[in-house]
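One structure is given below, encoded as structure tokens.
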Amino acid sequence: MSDSEVVRQCWEGAEPEYLTTLTPLAVRAHDLIGLVCLNGGGQPPHMTVDLPGIFERIKAQPQVPVTVTSTFDCNGGPYQFPREDNAYQRRMDMHVLERLLLVPGDTRRAWELFRRMKANLPTLDGICVFEEPTEKWPTWPQEALDAYQRGLQELPYPQDREQMAEQKRISVAEIEQMDQIFLRPHHFMCIMCFAGGGGNAPLEVDNLYEVLMKMKQNPDLKVTLIEGACMVCPPCHGWEPRSGTCLAGCGLRDRRKDLDTLQLLDLLPGDTLTARELFQRFTERVPSATLICQYAEHTIPEWQACGSCFTGKFQEGLAAGL
């Protein structure tokens with residue numbers, strides 16, 4: 001089945017099969033450091049399992065779910081005197097979990113864990129690098145530390161730049177040929193933010209511009225609202241072309257945004273309006289992006305507010321009209 005057929009089936013409501021075939025992995029928190037080190041061509045010390053085999057699996061399937069574990073459970077139990085490993089490894093577990101805003105048992109896509117390592121653990125100071133190392137608490141060898149730094153640079157995403165460019169080509173051709181647009185509800189807001197911010201040229205990482213132009217050229221164009229990835233998404237590094245789904249770290253947040261948008265618009269997934277009707281309904285019912293994209297607490301990456309919702313670009317886009 002071609003990428004284009006997978007995409008079309010997804011937009012028309014078919015269940016993607018590819019992700020259901022992925023066998024989840026379980027990885028100790030401190031072994032995430034080791035996986036980054038392997039990504040940089042190094043050999044990490046203190047490995048508890050055959051990390052090279054796990055790393056090869058992640059390279060081939062960066063979208064595989066990974067459950068992060070430790071000797072302890074999410075409440076710090078049940079062992080009073082753990083014997084599965086050593087104190088050095090247990091301490092690394094606790095520091096990695098805290099820095100990644102996770103607890104034992106949390107599950108994330110492999111590529112999302114690598115992304116968090118780059119964002120939250122740019123160095124290993126205080127974890128396996130000590131100002132005064134001892135025989136019992138040694139600093140990692142310099143070659144392993146150098147490999148860790150290299151491993152943070154090129155992360156295993158669902159799509160690399162070449163694949164993103166190819167999906168851009170395919171998806172833009174789809175948009176040009178189709179007489180209907182499949183759009184996730186909150187992406188209409190992204191389009192308005194793009195327009196309100198002066199966006200007037202195609203972007204490499206999405207199709208906001210192309211969908212906007214399609215609607216401007218034909219305000220009577222049919223737009224079907226869907227949950228999940230839509231015609232905006234294929235050029236994104238978080239797009240999974242084999243399943244036609246979005247695996248970006250903001251996925252949960254965006255799922256809620258879709259549903260909140262539908263509720264405010266008094267619509268349901270699968271409803272179809274013209275671009276003009278959709279624009280009018282947003283104008284009447286969603287006067288501010290903060291109604292959808294702002295959250296009370298900015299605690300973990302999955303629930304971060306969208307920075308654009310505070311800029312007024314959405315309102316400017318609505319004011320400009322189709």
Side-chain angles (χ1 to χ4, degrees), residues 7 10-11 164 167-168 170-239 244 246 248 250-251 253-267 269-294 305-322:
V7 167
C10 178
W11 291 336
M164 291 166 66
Q167 288 299 326
K168 179 74 176 182
I170 293 171
S171 58
V172 168
E174 287 268 358
I175 292 170
E176 291 174 351
Q177 295 167 8
M178 292 181 69
D179 58 3
Q180 180 180 9
I181 290 294
F182 292 91
L183 187 68
R184 62 188 309 178
H186 90 270
H187 272 169
F188 185 89
M189 301 181 68
C190 297
I191 290 170
M192 291 298 101
C193 281
F194 172 75
N200 56 11
L203 302 172
E204 293 182 358
V205 295
D206 61 48
N207 292 328
L208 294 176
Y209 172 82
E210 289 78 7
V211 174
L212 174 62
M213 291 298 103
K214 186 92 171 179
M215 292 192 296
K216 279 181 173 290
Q217 291 161 8
N218 180 14
D220 292 320
L221 177 73
K222 292 181 179 180
V223 181
T224 298
L225 300 178
I226 61 173
E227 288 186 76
C230 69
M231 300 179 86
V232 165
C233 303
C236 175
H237 66 264
W239 167 261
C246 172
C250 59
R253 179 191 72 183
D254 286 352
R255 287 288 191 176
R256 175 178 151 178
K257 286 160 70 172
D258 282 341
L259 292 165
D260 285 348
T261 303
L262 288 168
Q263 186 269 324
L264 286 178
L265 297 178
D266 193 28
L267 296 172
D271 283 349
T272 300
L273 298 80
T274 66
R276 180 185 288 108
E277 291 169 338
L278 185 61
F279 178 87
Q280 184 62 32
R281 193 166 287 223
F282 266 95
T283 301
E284 295 171 352
R285 294 171 176 262
V286 190
S288 171
T290 56
L291 294 173
I292 303 294
C293 305
Q294 181 181 8
C306 176
S308 295
C309 75
F310 305 105
T311 64
K313 292 178 182 178
F314 171 73
Q315 291 90 323
E316 292 177 22
L318 283 180
L322 287 177

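- The closest side-chain heavy-atom distance from Q315 to S288 is below 4.5 Å.
- Around atom CD of E204, no more than 12 heavy atoms belonging to other residues, nucleotides or ligands sit under 6.0 Å away.
- Counting only heavy atoms from C-beta outward, the side chains of F182 and Q180 approach each other to under 4.5 Å.
- The shortest heavy-atom contact between Q294 and A305 is CA-CB, 4.1 Å.
- By the 4.5 Å heavy-atom criterion applied to side chains, W239 and Q167 are counted as neighbours.
- In terms of heavy-atom proximity, A289 sits nearest to M189 at CA-CE, 3.6 Å.
- Inter-residue side-chain proximity for M231 and L183 is flagged as unmet; no heavy-atom pair is nearer than 4.5 Å.
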Going through the distances and angles, do L225 and L278 end up as a side chain to side chain contact (heavy atoms under 4.5 Å, CB included)? CA-CA 10 Å; L225 300 178; L278 185 61; 4.1 Å; yes
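- With contacts defined as side-chain heavy-atom distances shorter than 4.5 Å, the pair F194/L203 qualifies.
- Residues meeting the side-chain hydrogen bond (donor to acceptor under 3.5 Å, both in side chains) test with K168, sequence neighbours left out: N207, E210.
- Listed by chain and number, the residues in a side-chain contact (heavy atoms from CB on, under 4.5 Å) with Q263 amount to none (sequence neighbours excluded).
- Of the possible donor and acceptor atoms, one in the side chain of E277 sits under 3.5 Å from a partner among the backbone N and O of T274.
- Note: E284 CD to L318 CG = 11.0 Å, rounded to the nearest 0.5 Å.
- Shortest non-hydrogen contact noted between T272 and K222 is CG2-CB, 3.9 Å.
- For R256, the salt bridge (charged side-chain N to carboxylate O under 4.0 Å, His left out) criterion is met by D260, not counting sequence neighbours.
- Looking at heavy atoms from C-beta onward, E227 lies in side-chain contact with L259 at the 4.5 angstrom threshold.
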Determine, step by step, whether L273 and L267 satisfy the side chain to side chain contact (heavy atoms under 4.5 Å, CB included) criterion, reporting the C-alpha distance in whole Å, the side-chain angles of both residues, the deciding distance to 0.1 Å, and the verdict. CA-CA 10 Å; L273 298 80; L267 296 172; 3.7 Å; yes
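- Counting only residues at least two apart or in different chains, salt bridge (charged side-chain N to carboxylate O under 4.0 Å, His left out) contacts with residues 177-188 comprise R184-D258.
- For the atom pair CG (D271) and CZ (R281), the distance works out to 8.0 Å, reported to the nearest 0.5 Å.
- Looking at heavy atoms from C-beta onward, P235 lies in side-chain contact with S171 at the 4.5 angstrom threshold.
- Distance CE/M215 to CD1/I191: 4.0 Å, rounded to 0.5 Å.
- Scanning all heavy atoms of the two residues, the minimum distance from E176 to K214 falls at O-NZ, 3.2 Å.
- The minimum heavy-atom distance between H186 and K257, with the atom names listed, is CD2-CE, 3.7 Å.
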Show the numbers, then the answer: is there a side chain to side chain contact (heavy atoms under 4.5 Å, CB included) between I181 and T224? CA-CA 6 Å; I181 290 294; T224 298; over 6 Å; no
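- Here the closest heavy-atom approach between residue K313 and residue G197 is recorded as CD-CA, 3.9 Å.
- By the 4.5 Å heavy-atom criterion applied to side chains, P269 and L262 are counted as neighbours.
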Derivation of the side chain to side chain contact (heavy atoms under 4.5 Å, CB included) call for E316 and T311: CA-CA 10 Å; E316 292 177 22; T311 64; over 6 Å; no
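- Every residue meeting the salt bridge (charged side-chain N to carboxylate O under 4.0 Å, His left out) condition with R276, not counting sequence neighbours, appears here in chain and number order: D220.
- Atom SG of residue C230 and atom CZ of residue F188 lie 12.5 Å apart, to the nearest 0.5 angstrom.
- Within the structure, the ring pair (Phe, Tyr, Trp, His ring centres under 6.0 Å) test picks out the following pairs touching residues 199-237 (sequence neighbours left out): W111-H237, Y157-H237.
- The distance from the CD1 atom of I292 to the CZ atom of R253 is 13.0 Å, given to the nearest 0.5 Å.
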